[in-house]
Amino acid sequence: VGRGAKVTRLAGTLKTVVLSDFMTRSLLFEAPDAHRAHVIASAVEANIHQYQDEIVSKQSRHAKLIRIDSKIIGTLIYLRLTYETGDASGHNMTTFASDKVAAHIMKTYPELSYISVSGNYCVDKKVSAVNGILGRGKSVIAEITIPRKILEETLRTTPEKMVELNIKKNLVGSIASGGLMSANAHYANMLLAFYLATGQDAANIVEGSQGITHMDIKDDCLYMSVNLPNIIVGSVGHGKDTEDVLEHLRLLDAKGPGGAEKLAHIAAAVVLCGELSLMAALTNNGELSASHKRIERTTS
């Protein structure tokens with residue numbers, strides 16, 4: 001990551017953007033039959049503003065219900081509730097709010113059977129197509145354009161080698177292995193370290209490591225982006241009050257309003273730095289192994 005960060009400083013072209021920001025929870029009910037399940041799911045989706053105004057707003061001043069997606073399997077109704085959650089990651093506040101929404105739905109439609117406040121359509125701490133497409137947490141992109149000279153002198157590689165490796169390893173290799181909405185080298189390594197350092201729920205690296213590394217050659221430079229649809233971070237809430245985490249958040253200037261979004265920008269940049277450095281190392285036979293051996297000897 002340090003080597004990748006050096007390249008970003010030399011290039012001076014690193015940018016990040018947050019595309020969306022929300023947390024989800026999926027209620028699960030069972031209806032008498034599929035037709036009734038369809039009727040109820042459609043009615044629930046249409047009543048989103050009522051649930052926000054009369055239920056969610058009274059549970060939390062930070063949570064805001066902004067979307068409901070339904071999935072019907074036979075008589076089962078899966079409702080994916082999507083919330084804005086401010087500077088908190090939102091796991092707990094969305095669960096509390098969804099519990100109250102579930103109670104209201106059960107009262108409105110007494111023929112329903114309650115199954116769970118989380119029906120795995122969220123999808124929490126699991127790799128899924130729905131999270132890869134719709135996102136969960138913060139969907140973030142980090143991108144950079146690196147001149148050929150910097151690649152050659154700092155990373156001992158070329159734009160052509162990087163693009164070829166990305167296609168044959170990250171893209172084709174991920175398809176061959178059955179990867180789900182994901183094509184990257186090692187997002188999880190950087191995310192786990194970042195999550196632990198900033199007091200996040202470390203188990204969220206499961207969906208967080210889902211993402212696509214993209215590379216292209218533009219004007220004799222390497223264009224690279226990391227695309228992360230499921231970055232789950234917060235600057236307030238559980239795990240953020242220990243002495244070391246507070247110090248890290250202060251150092252990152254992520255304690256005030258907007259701190260969670262700032263953490264997402266930084267997380268994406270950290271992932272790009274690590275992905276860039278590893279991919280460059282892999283274009284050179286033996287470099288990765290030699291680096292591991294050197295580091296192990298230094299730290300043992």
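Scope of the values below: all heavy atoms of this structure, side chains included, with no hydrogens, waters or symmetry mates.
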Please step through salt bridge (charged side-chain N to carboxylate O under 4.0 Å, His left out) for the pair Arg67 and Asp69, ending with a clear verdict.
CA-CA 7 Å; Arg67 178 170 174 168; Asp69 295 285; 2.7 Å; yes
Just do the salt bridge (charged side-chain N to carboxylate O under 4.0 Å, His left out) check on Lys58 and Asp53 with the steps written out, would you?
CA-CA 8 Å; Lys58 293 178 173 57; Asp53 295 341; over 6 Å; no
Stepwise, does the side chain to side chain donor-acceptor pair (under 3.5 Å) test hold for Tyr83 with Ser98?
CA-CA 10 Å; Tyr83 300 85; Ser98 297; 2.8 Å; yes
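With hydrogens and angles left out, the side-chain atoms of Glu275 and Thr213 include a donor and acceptor closer than 3.5 Å. Ser277 and Arg3 are linked by a side-chain donor-acceptor pair at a separation below 3.5 angstrom, with hydrogens and angles left out of the test. With 3.5 Å as the limit, one finds a donor-acceptor pair spanning the side chains of Asn184 and Ser182.
Listed by first then second residue, pairs satisfying salt bridge (charged side-chain N to carboxylate O under 4.0 Å, His left out) with a partner in residues 205-216 read Arg136-Glu207, not counting sequence neighbours. Identified under the side chain to side chain donor-acceptor pair (under 3.5 Å) test for residues 244-254, with sequence neighbours left out: Thr242-Asp244, Asp253-Lys262.
Residues satisfying the ring-ring contact (aromatic ring centres under 6.0 Å, His included) test with His62, not counting sequence neighbours, are none. By the ring-ring contact (aromatic ring centres under 6.0 Å, His included) test, Tyr78 is found to be paired with no residue, residues two or more places apart in sequence or in another chain being considered. Applying the side-chain hydrogen bond (donor to acceptor under 3.5 Å, both in side chains) criterion to Thr198, with sequence neighbours excluded, gives Gln200. Applying the salt bridge (Lys or Arg N to Asp or Glu O under 4.0 Å) criterion to Asp87, with sequence neighbours excluded, gives no partner residue.
Salt bridge absent: Glu30 and Arg36 never bring a charged side-chain N and a carboxylate O closer than 4.0 Å.
With contacts defined as side-chain heavy-atom distances shorter than 4.5 Å, the pair Leu79/Arg25 does not qualify.
For the atom pair CD (Glu164) and OG1 (Thr157), the distance works out to 10.0 Å, reported to the nearest 0.5 Å.
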